[in-house]
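The structure under discussion appears below in the form of structure tokens.
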Amino acid sequence: LRPLLLPLSCALPCLSLAHPDRPPSPVNVTVTQLKANSATVSWDVPEGDVVIGYAILQQRQDGQMQRFIREVNTTNRACVLWDLAEDADYIIQVQSIGLYGESQASKRVHFRTLKETDRLPSNSSNQGDITMEGLDKDRQLQTGEIIIIVAVLLMWAAVIALFCRQYDIIKDNDSNNNKEKAKPSSEHSTPERPSGGLLRSK
């Protein structure tokens, strides 16, 4: 039995050496886009290492909440953390996921979320610009809509004024025709009165 056990014990280390090592820990872990309820975590992976995913350990410093985020089949080097508490301290660590396991956790990174009344930091200026651009576009759309409404109202006012003018012309024509029809009847009726009076006097 001993001669059989020796080759097996030798084969196990040989197999372990044949597999690539686990990927190294992520580096340059930073937190950007800080807000009251969210933040963005980004990191770098050393070149030459096959990484198929990542794992993030998120924990409040007071120990009230802990979250583990894991995603595979991705080459992303950033992740957005949602549902964070306002004005709270957090600690995160990132791991790289390779073909044969996970790396050691990165160094602990501490950050603090903002208050609702706080302004965005300078590294979030791009997102603020996008928001302002969206507001400008909304204002332009509102201005265009107002111009269209005013133009339609002016067109309707012109149509109504034209209709009223035509109505007045038709009304004046009708009144003139009625006056012309009334004149002949009055001329025939006036000579009858004296003739009738003469007959009665006789």
Side-chain angles (χ1 to χ4, degrees), residues 28-45 52-56 58 60 64-65 67-90 92 94 109 111-196:
N28 300 328
V29 179
T30 56
V31 179
T32 59
Q33 302 293 334
L34 272 174
K35 295 183 180 179
N37 303 113
S38 65
T40 300
V41 182
S42 61
W43 60 91
D44 294 329
V45 176
I52 62 171
Y54 61 85
I56 298 176
Q58 167 192 327
R60 282 184 59 168
Q64 293 183 2
M65 188 196 72
R67 180 183 297 170
F68 187 74
I69 303 171
R70 179 186 174 94
E71 186 172 350
V72 294
N73 298 327
T74 179
T75 57
N76 289 338
R77 299 294 180 262
C79 178
V80 179
L81 307 177
W82 299 99
D83 298 330
L84 301 179
E86 175 187 357
D87 192 24
D89 292 314
Y90 285 89
I92 58 169
V94 184
V109 177
F111 69 94
R112 185 179 183 87
T113 55
L114 303 179
K115 297 180 181 179
E116 289 290 349
T117 56
D118 291 344
R119 295 182 178 180
L120 294 176
S122 58
N123 54 16
S124 301
S125 59
N126 294 333
Q127 188 169 357
D129 295 341
I130 294 173
T131 305
M132 292 301 296
E133 289 177 1
L135 292 176
D136 293 339
K137 289 181 180 178
D138 292 340
R139 291 175 182 172
Q140 291 177 0
L141 290 176
Q142 292 177 359
T143 305
E145 292 174 356
I146 292 173
I147 292 173
I148 292 173
I149 292 172
V150 171
V152 171
L153 291 176
L154 290 175
M155 290 177 62
W156 275 107
V159 170
I160 293 172
L162 182 60
F163 176 77
C164 293
R165 185 176 179 184
Q166 293 292 332
Y167 178 76
D168 291 338
I169 293 172
I170 294 170
K171 188 175 180 182
D172 293 338
N173 291 334
D174 290 340
S175 61
N176 292 332
N177 291 333
N178 292 331
K179 289 179 180 179
E180 290 177 358
K181 290 179 181 180
K183 286 180 181 179
S185 61
S186 61
E187 291 176 356
H188 291 296
S189 61
T190 49
E192 292 177 356
R193 291 180 181 176
S195 63

**Request:** Only counting residues at least two apart or in another chain, list the ones meeting side chain to side chain contact (heavy atoms under 4.5 Å, CB included) with Ser42.
**Result:** Thr30, Ala78
**Asked** Among Val152, Leu154, Ile148, whose side chain to side chain contact (heavy atoms under 4.5 Å, CB included) with Val150 holds?
**Response** Leu154
**Asked** Which heavy-atom pair separates Ile56 from Trp43 by the least distance, and what is that distance?
**Response** CD1-CZ3, 4.0 Å
**Message:** Arg112: which residues meet the salt bridge (charged side-chain N to carboxylate O under 4.0 Å, His left out) condition with it, sequence neighbours left out?
**Reply:** Asp87, Asp89
**Prompt:** Closest heavy-atom contact between Tyr54 and Thr74?
**Reply:** CE2-CG2, 4.0 Å
**Request:** Walk me through it: do Phe111 and Leu81 pass the test side chain to side chain contact (heavy atoms under 4.5 Å, CB included)?
**Result:** CA-CA 12 Å; Phe111 69 94; Leu81 307 177; 4.1 Å; yes
**Asked** Can you tell me if CZ on Phe68 sees more than 12 non-hydrogen neighbours from other groups inside 6.0 Å?
**Response** yes
**Asked** So do the side chains of Thr113 and Lys35 get within less than 4.5 Å of each other, counting heavy atoms only?
**Response** no
**Prompt:** Measuring from Cys164:SG to Ile169:CD1, what's the distance to the nearest 0.5 Å?
**Reply:** 11.5 Å
**Request:** Can you see which heavy atom on Ala85 is nearest to which on Arg60, and at what distance?
**Result:** CB-NH1, 3.6 Å
**Separation of Gln58 CD from Leu84 CG (nearest 0.5 Å)** = 5.0 Å
**Item:** Thr40 vs Val31, side chain to side chain contact (heavy atoms under 4.5 Å, CB included): CA-CA, chis, key distance, verdict
**Value:** CA-CA 6 Å; Thr40 300; Val31 179; over 6 Å; no
**Request:** Decide yes or no for Tyr167 and Leu162: does some side-chain heavy atom of the first lie under 4.5 Å from some side-chain heavy atom of the second?
**Result:** no
**Fill in**
Of all heavy-atom pairs linking Glu86 and Asn37, the shortest is N-ND2, 4.1 Å
**Item:** Short side-chain to backbone donor-acceptor contact, Arg67 and Met65, under 3.5 Å
**Value:** no
**Prompt:** Ignoring hydrogens and geometry, is there a side-chain-to-backbone donor-acceptor pair from Tyr90 to Val109 under 3.5 Å?
**Reply:** no
**Request:** Under the side chain to side chain contact (heavy atoms under 4.5 Å, CB included) rule, what do Ile52 and Thr75 come out as? Steps first, then yes or no, please.
**Result:** CA-CA 6 Å; Ile52 62 171; Thr75 57; over 6 Å; no
